[in-house]
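So the structure is just underneath, and the comments pick up after that.
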Amino acid sequence: MSGSLIVDNIGELVTNGTGEGPLGIRRNAAVLVEEGRVVWVGPSPYAPAADHHVDAGGAAVLPGFVDSHAHLVFAGDRAAEFAARMAGQPYTGGGIRTTVGATRAATDDELRATVRRLRGEALRQGTTTMEIKSGYGLTVADEARSLRIAAETSTETTFLGAHVVPAEYADRPDDYVGLVCGPMLAAAAPYAKWIDVFCEQGAFDVDHARAILACGQAVGLGVRLHANQLGPGPGVQLGVELGAASVDHCTYLSDADIDALASSRIDCMCHEGRHTTTVATLLPGAEFSTRSPYPDARRLLDAGVTVALATDCNPGSSYTSSMPFCVALAVREMRMTPAEAVWAATAGGARALRRDDIGVLTPGARADLVVLDAPSHLHLAYRPGVPLIRQVIRNGVPQ
């Protein structure tokens, strides 16, 4: 779509910038978009003329959701595993290898179709930016093709060759770490922006995680980390030590873990003035699907830690692409206020990706807007499971 676009008659506009309360809310507002960017935000009666027009009809408008943790490149499903967990079997992460086998056997077109299907689901539910990880190939060729396919859909791609040690290396984990740091990283890096490791008992210990992440940093990849999901461990503090953009899951945290996250706080020119350089990304869909304890978001927020929400969309432990669902879970189960959860799902996700052009609706930001079929952002948690996304505008283009 060429030309300018005005979205007006907005009853409640969440800007995550200047305005009322922590969400920077403006009432009876309008947003002007040109060339995919927000160029003006102000009162609806004073909205400039534009080539195209969207009437919000008094509804709430917020920035597009930013899902900073998702695993979309895979084949098959693990519905039977889910049923077993609901019958009482604990989650251990071992089912990842089942997906690895199916993914290796799939064609490029089959993998591509899954990515596009899930990305389309997410977009219809208001997600305008989505990070996509590899991690279900675990060979040089399969990790490279996973990232190549992911890069067709997202610029936020993450090399997760260190998801688990594959069966063929079960007795030689050091050899697998060497493969990840050498030929696999070399093949994957051209398609990746980030590197990630599953640092947990049964996956990769802290020494292996540090070595892999350092190799990724050496070739220019940013650091992310799966940490402290299945039990207490060193992952969170390793992430802070390495300056990770985000440590994800954060289900089991010690006081020292929270102190480490809080200590990464820096001054900035952003709306709230300060934030932590390492974001704690919480993934409540995983706890829902595995019947595990939910992270204590309140404890993190009260310590001044920047918190993001993401879906962890994957076929085993969190097969959801719905950020509104995660917002509702965060409010109901993790002691977040609705405003905190919406901020974490938008601006928080942007922080986890070290982006300042998304997750906000202020002049200069990318024009990613979600029009709700509701008068307020409160309805995302107040009406869980209801399809409240009336319209999505991405890069200034109605979808």
*Is there a path from Val14 to Ile389 through hydrophobic residues (I, L, V, M, F, W, Y) whose side chains come within less than 4.5 Å of each other?*
yes
*asked:* Looking only at side-chain N and O atoms, does Thr311 offer a donor or acceptor that is under 3.5 Å from a partner on Asp67?
replied: yes
*So, Thr320 and Ser318: side-chain donor and acceptor under 3.5 Å apart, yes or no?*
no
_Could you go through Glu168 and Arg97, starting from their C-alpha distance and side-chain angles, then the distance that decides it, and tell me whether this counts as salt bridge (Lys or Arg N to Asp or Glu O under 4.0 Å)?_
CA-CA 11 Å; Glu168 63 269 27; Arg97 292 186 178 89; over 6 Å; no
_Distance in Å, Glu110 CD paired with Arg112 CZ, rounded so as to fall on 0.5 Å steps_ = 11.0 Å
*Can you tell me if Ser289 and Arg85 form a side-chain donor-acceptor pair at under 3.5 Å?*
yes
*Please determine, by modelled atom types, if Glu12 and His377 share a side-chain donor-acceptor pair under 3.5 angstrom.*
yes
*Nearest heavy-atom neighbours spanning Val370 and Gly64*: CG2-CA, 3.6 Å
*Would you please say whether a donor-acceptor pair under 3.5 Å links the side chains of Asp109 and Thr107?*
no
*Distance-only donor-acceptor check, side chains His226 and His69, under 3.5 Å*: yes
*Arg299 atom CZ, over 12 foreign heavy atoms within 6.0 Å*: yes
_Residue pair Asp174 / His208, side-chain donor-acceptor N/O under 3.5 Å_ = yes
*Test: Arg172 cationic atom under 6.0 Å from Tyr169 six-membered ring centre, within 45° of axis*: yes
*Would a distance-only check, ignoring hydrogens and angles, find a side-chain to backbone donor-acceptor pair under 3.5 Å from Gln391 to Ala56?*
no
_Leu300 backbone acceptor or donor facing Asp302 side chain under 3.5 Å_ = no
_Please tell me whether Gln125 and Ser322 have a donor and an acceptor in their side chains that are separated by less than 3.5 angstrom._
yes
*side-chain contact (heavy atoms from CB on, under 4.5 Å) between Lys193 and Thr158, intermediate numbers included*: CA-CA 6 Å; Lys193 180 177 178 180; Thr158 300; over 6 Å; no
*According to a 4.5 Å side-chain heavy-atom criterion applied to Ile, Leu, Val, Met, Phe, Trp and Tyr, with indirect links allowed, do Val240 and Leu221 form part of one hydrophobic cluster?*
yes
*Any sub-3.5 Å donor-acceptor pair from Arg366's side-chain atoms to Asp357's backbone N or O?*
no
*Ignoring hydrogens and geometry, is there a side-chain-to-backbone donor-acceptor pair from Glu340 to Thr337 under 3.5 Å?*
yes
*asked:* If I compare all heavy atoms of Arg104 with all of Asp142, which pair ends up nearest, and what's the gap?
replied: CG-OD2, 3.5 Å
*side-chain contact (heavy atoms from CB on, under 4.5 Å) between Trp194 and Lys133: does it pass, once the steps are laid out?*
CA-CA 9 Å; Trp194 305 94; Lys133 303 181 190 294; over 6 Å; no
_Exercise: do Ser134 and Glu143 side chains pair donor with acceptor under 3.5 Å_ = yes
*Does a sphere of radius 6.0 Å around CD in Gln399 hold more than 12 heavy atoms from other residues, nucleotides or ligands, not counting ones at 6.0 Å or beyond?*
yes
*Are the side chain of Thr127 and the backbone N or O of Leu123 linked by a donor-acceptor pair below 3.5 Å?*
no
*Mind checking whether Ile132 and Leu283 sit in one hydrophobic cluster, side chains of I, L, V, M, F, W, Y counted as touching below 4.5 Å?*
no
*asked:* Looking at His163 and Gly135, would you say the former's side chain and the latter's main chain have a donor-acceptor pair under 3.5 Å?
replied: yes
*Could you tell me whether the side chain of Asn228 and the main chain of Val236 form a donor-acceptor pair under 3.5 Å?*
yes
*State plainly whether the residues Asp108 and Arg148 are in salt-bridge range, i.e. N to O under 4.0 Å.*
yes
*asked:* Treating Ser154 as the side-chain partner and Glu131 as the backbone partner, does any N or O pair qualify as donor plus acceptor under 3.5 Å?
replied: no
_Are Leu309 and Met130 linked, directly or through intermediate hydrophobic residues, by side-chain heavy-atom contacts shorter than 4.5 Å (ILVMFWY only)?_
yes
*For Phe82 and Tyr91, run side-chain contact (heavy atoms from CB on, under 4.5 Å): C-alpha distance rounded to whole Å, both residues' side-chain angles, the deciding distance at 0.1 Å, then the answer.*
CA-CA 9 Å; Phe82 173 80; Tyr91 177 70; over 6 Å; no
*Verify the distance criterion only: is there a donor paired with an acceptor across the side chains of Arg394 and Thr129 at less than 3.5 Å?*
no
*Which distance, rounded to the nearest 0.5 Å, do you find between the SG of Cys326 and the CG of Asp312?*
9.0 Å
*Among side-chain atoms of Thr251 and Glu287, is any donor-acceptor pair under 3.5 angstrom?*
yes
*Do the side chains of Val392 and Leu62 join up, straight or via other hydrophobic residues, at under 4.5 Å, putting them in one cluster?*
yes
_Are more than 12 heavy atoms, taken from residues, nucleotides or ligands other than Asp205, located less than 6.0 Å from that residue's CG atom?_
yes
*Kindly say whether the aromatic ring centers of Phe325 and Phe288 come within a distance under 6.0 Å.*
yes
*Can you establish whether the number of heavy atoms outside Arg298 located under 6.0 Å from its atom CZ is more than 12?*
yes
*Would you check if the side chain of Arg224 reaches a backbone N or O of Asp196 as a donor-acceptor pair within less than 3.5 Å?*
no
*Where do Ala227 and Gly235 come nearest, in terms of heavy atoms and distance?*
CB-C, 3.6 Å
*Backbone N or O of Leu361 within a donor-acceptor pair of the Thr15 side chain at under 3.5 Å?*
no
*Examine the side chains of His53 and Asp8 and answer whether a donor and an acceptor come within less than 3.5 Å of each other.*
yes
